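See below for the structure under consideration.
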Amino acid sequence: MTEISISVPGEEAKTVEAGISAQEALKELLSKKQRKQAIAALCNGERTDLSAPLQTDTVIEPILASSDEGMHILRHSSAHIMAQAVKELFGQDVKVAIGPAIEDGYYYDFDRDTAFTPDDFAAIEERMAEIVKARLPFERRTLPMTEAITFFSEQGEEYKVELLKDLEQKGENSVSLYQQGDFIDLCRGPHIPDTSWLKSFKLLRVAGSYWRGDEHKPMLTRIYGTAFFDKKDLKKYLNRLEEAKKRDHRKLGKQLGLFTIQDEVGPGLILWQPRGSLLRKLIEDYWKDAHYKHGYDLLYTPHIARQDLWKTSGHLDFYGENMYSAMEIDEVAYQLKPMNCPFHIGVYNATKHSYREFPVRWCELGTVYRYERTGALHGLMRVRGFTQDDAHIFCRPDQLEEEIFNIIDLNLQVLKTFGFAEYDVYLSTRPEKYVGSDEHWELSTKALQQAMDKKGLAYAVDPGEGVFYGPKIDIKIKDQLGRSWQCSTIQVDFNLPERFGMTYTGQDGAEHQPIMIHRALMGSLERFIGVLIEHYAGAFPLWMAPEQARILNITDTQVDYCVQVHAELRKAGVRVEQDLRNEKLNYKIREAQMMKTPYMLIIGDREMEEGTVTVRKRNGENLPPMTLQEFADLVSQECEQGTA
RNA sequence: GCCGAUAUAGCUCAGUUUGGUAGAGCGGCUGAUUCGUAAUCAGUAGGUCACCGGUUCAAGUCCGGUUAUCGGCUCCA
């Protein structure tokens, strides 16, 4: 018998016989309490089943059920169990494709003549429960590639065969299979030791999806599910889904009277209702103010331009599919703009420029139109006409880093004002196909990196994911429910200055080409407002609340006083409305509450006599009666804090 | 665009299985009530049942098509 040494990181090694399982090894090294939570193991850095035999010296770490990795394994195993249940119930009708774990759950894709419906869930879940109860072990085995192909071919599992052939091409000559009960699946693993580990699970929805995400390949039927070690966690998760549903901006948008989308107008086109329009105006005002303070000048440009412009810019070539077809005006073709950049360049090229005036910073809330496929449209999040909070900066190469720094600075400030303090940042570098010199790419990629370092911004690199015209930084914000949204983007562009022959006179008296930076902070106002609605669940901070306060009288006696209060507060700059209907106070409070009004001003005889208002906050808290001036000051102070 | 589901009053939904020309609650309007921190009572007006076509003596209901929406895929601000 050979002997091997095993250890957990940082602890003393033990000598054991070779061939013991990872589980037994953990038993040697850890207390019972510690290893009870182990669902799999990390052996010399590799994820392994607990049943895996150890043949060489091994540093072993338990993968705990409570860890992200543990959850991932559980859900992956749950996908296998679901597939087993489906195969057992629907047998030969079904071919299996792939079934990975994803964030918050897992899915499995099946090929079946008739798609699954949620009506099938009960039966599948029931069968899954039986499989769990049967405590079937997950057994791993490795098979030579040719045998594996033969095996799955015989089963008629053509998708597995296709996967195997791809692996074979990549030079793999053996694969691992996992079996629980009679169900055998191609899988890298690891898995839970046996099916009984799956304590709580739920199937969530069905959807179609292309085989390998390719729209030219067959459409499969996908079942999404989720799994947890604990019933309580499942319940928490389902509650979170409920919460997300309650915050759905389409629902809140209707309830709060913010926007509407109508068939008569067209899909993906937003009609802003008065409250939504005011909300948007407040956001736009803040944005313009912040930009002015950061050295930007404001531009306005048209919605259409000659088709030739889009030829020059290259949009017709590389973005034409997303553009609406041309309209003819005086026998000349014009097209709706999908982007604002060519117009800003037009402004630039209207005059001669010197290196002395750089950097030039121009911003615009520019409304663009892009063709989106019908299936992609979604409330405010994905529309066909939207307003970018666009800006273009033109500068010299030596100013690039500082400009990027300034943009990031403004960017983070704006995000913070809107209540987003958490984000993931990505740097996308040069792709395979690109324009511009290597030197330029290197210079600007470095400038992006150094600016982020200087700002102390942590980021991940997406190698080769840059746009063909330059490297970029993307910022994905995290909302109240922890979901991320891509909004901000900062892109260097070597392409358009070239195409439009942009120049400036340098210190040397010669003509040079400026560097161009595109950037958007909110991305699209429509989408950003959608995110804001869900982030705040419709209860906007005071500074952007379309209705900051609502006057509620108790009886008709106070009507005249209320009208006076209303007028005075409006004069003092408070966005105040009044509800003077002959209804009970409770009724009016309920309504104001459902509209998420930040402050309710309650006026009865007492207030009328004393010339005050009683303030009820939307969290139910009451403030002592105060004068109109005191309330107006409170509002303006809170607003200032909100946008500081 | 693709797969699946859905479409009834301003809103939320019942009625569709078993065809016999529409119903509730909220909201609106009218009246009564004058009320202190999340829905006062009564009366009343709202619908070519998304649209087009077919089957039938008869279609909200069955069949086909179109449009839009929803869950995904793909794409993306």
Side-chain angles (χ1 to χ4, degrees), chain A residues 107 109-112 114-120 204-224 245 248 250-251 254-255 257 260-268 319 321-322 338-340 366-390 474 485-489 491 518-528 530-531 552-559 581-595 600-607 614-618 620-622 625:
Chain A
Y107 65 80
D109 284 346
F110 303 98
D111 185 351
R112 186 179 178 226
T114 45
F116 291 104
T117 75
D119 296 337
D120 298 316
L204 296 172
R205 54 180 165 266
V206 289
S209 76
Y210 300 111
W211 168 234
R212 311 195 113 180
D214 183 339
E215 59 183 316
H216 303 295
K217 295 201 161 136
M219 178 60 72
L220 306 172
T221 162
R222 173 176 296 182
I223 302 179
Y224 283 91
K245 226 176 176 178
D248 190 315
R250 291 164 300 187
K251 194 175 156 180
K254 196 179 272 183
Q255 268 170 28
T260 174
I261 303 171
Q262 291 176 353
D263 284 9
E264 298 92 309
V265 176
Y319 207 73
E321 277 180 20
N322 296 295
M339 296 188 193
N340 304 301
T367 303
V368 297
Y369 296 87
R370 299 181 184 175
Y371 172 71
E372 293 293 343
R373 307 214 268 180
T374 49
L377 299 173
H378 180 92
L380 291 177
M381 304 298 192
R382 199 65 188 283
V383 295
R384 286 182 171 162
F386 62 95
T387 303
Q388 288 183 306
D389 67 318
D390 213 351
D474 288 322
W485 303 93
Q486 145 102 61
C487 294
S488 313
T489 182
Q491 309 183 349
H518 309 250
R519 51 105 281 200
L521 310 183
M522 301 183 276
S524 134
L525 261 141
E526 282 73 6
R527 207 250 287 263
F528 195 74
V531 174
L552 311 177
N553 62 328
I554 289 173
T555 69
D556 288 348
T557 327
Q558 304 97 28
V559 165
R581 290 174 301 175
N582 175 12
E583 295 289 351
K584 286 192 162 183
L585 182 62
N586 273 341
Y587 181 88
K588 298 190 200 181
I589 285 179
R590 181 184 150 81
E591 214 158 84
Q593 190 77 41
M594 289 198 304
M595 292 304 278
M600 291 164 226
L601 306 179
I602 294 159
I603 294 177
D605 287 338
R606 286 204 296 274
E607 289 79 4
T614 294
V615 181
R616 181 193 205 270
K617 295 169 78 168
R618 71 182 150 196
E621 188 190 332
N622 263 315

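Note on naming: letters A, B, ... go to the chains in the order of the sequence lines (proteins, then strands), and numbering restarts at 1 for each one. The figures here come from the full heavy-atom set of this structure, side chains too, leaving out hydrogens, waters and symmetry mates. Remember, predicted model here, so these are calculated numbers, not experimental data.
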Are the charged groups of A:Glu526 and A:Arg384 less than 4.0 angstrom apart, N to O? no
For the side chain of A:Pro267, starting at C-beta, report the closest nucleotide among B:A68, B:A77, B:G28. B:A68
Nearest to the side chain of A:Arg205 - B:A38, B:C73, B:G71? B:G71
With respect to the side chain of A:Met219, which nucleotide from B:G72, B:C76, B:U37 is positioned closest? B:G72
Should B:G71 be called syn or anti, with syn set as within 90° of 0? anti
Indicate whether the side chain of A:Arg212 and that of A:Tyr210 have a donor and an acceptor atom separated by less than 3.5 Å. no
Stacking between A:Tyr587 and the base of B:A38 (centre distance under 5.5 Å, interplanar angle under 30°)? no
Of the options B:U69, B:C76, B:G36, whose atoms approach the side-chain atoms of A:Arg382 most closely? B:C76
Would the base of B:G1 count as contacting A:Tyr371 through its side chain, where contact means a donor and an acceptor less than 3.5 Å apart? no
Distance below 4.0 Å between A:Thr117 side-chain N/O and B:G4 OP1 or OP2: no
Quantified in whole Å, what is the C1' atom distance between nucleotide B:U18 and nucleotide B:C13? 23 Å
I'd like the C1' distance from B:C51 over to B:A59, given in whole Å. 16 Å
Side chain of A:Arg370 only, please: which of B:C2, B:C35, B:A77 is the nearest? B:A77
Closest nucleotide among B:A77, B:U37, B:U34 to the A:Arg527 side chain: B:A77
From the set B:G72, B:C11, B:U37, return the single nucleotide nearest to any side-chain atom of A:Ala207. B:G72
Using the side-chain heavy atoms of A:Lys584, tell me which of these nucleotides is nearest: B:C3, B:A38, B:U40. B:U40
What is the distance from CD1 of A:Ile223 to P of B:G4, rounded to the nearest Å? 15 Å
Counting side-chain heavy atoms from C-beta on, which of B:G71, B:G28, B:U74 comes nearest to A:His378? B:G71
base_contact_polar (B:U74 base, A:Arg373 side chain, donor-acceptor, <3.5 Å): yes
Selection from B:C73, B:G36, B:U37 that lies nearest to any side-chain heavy atom of A:Ile554: B:G36
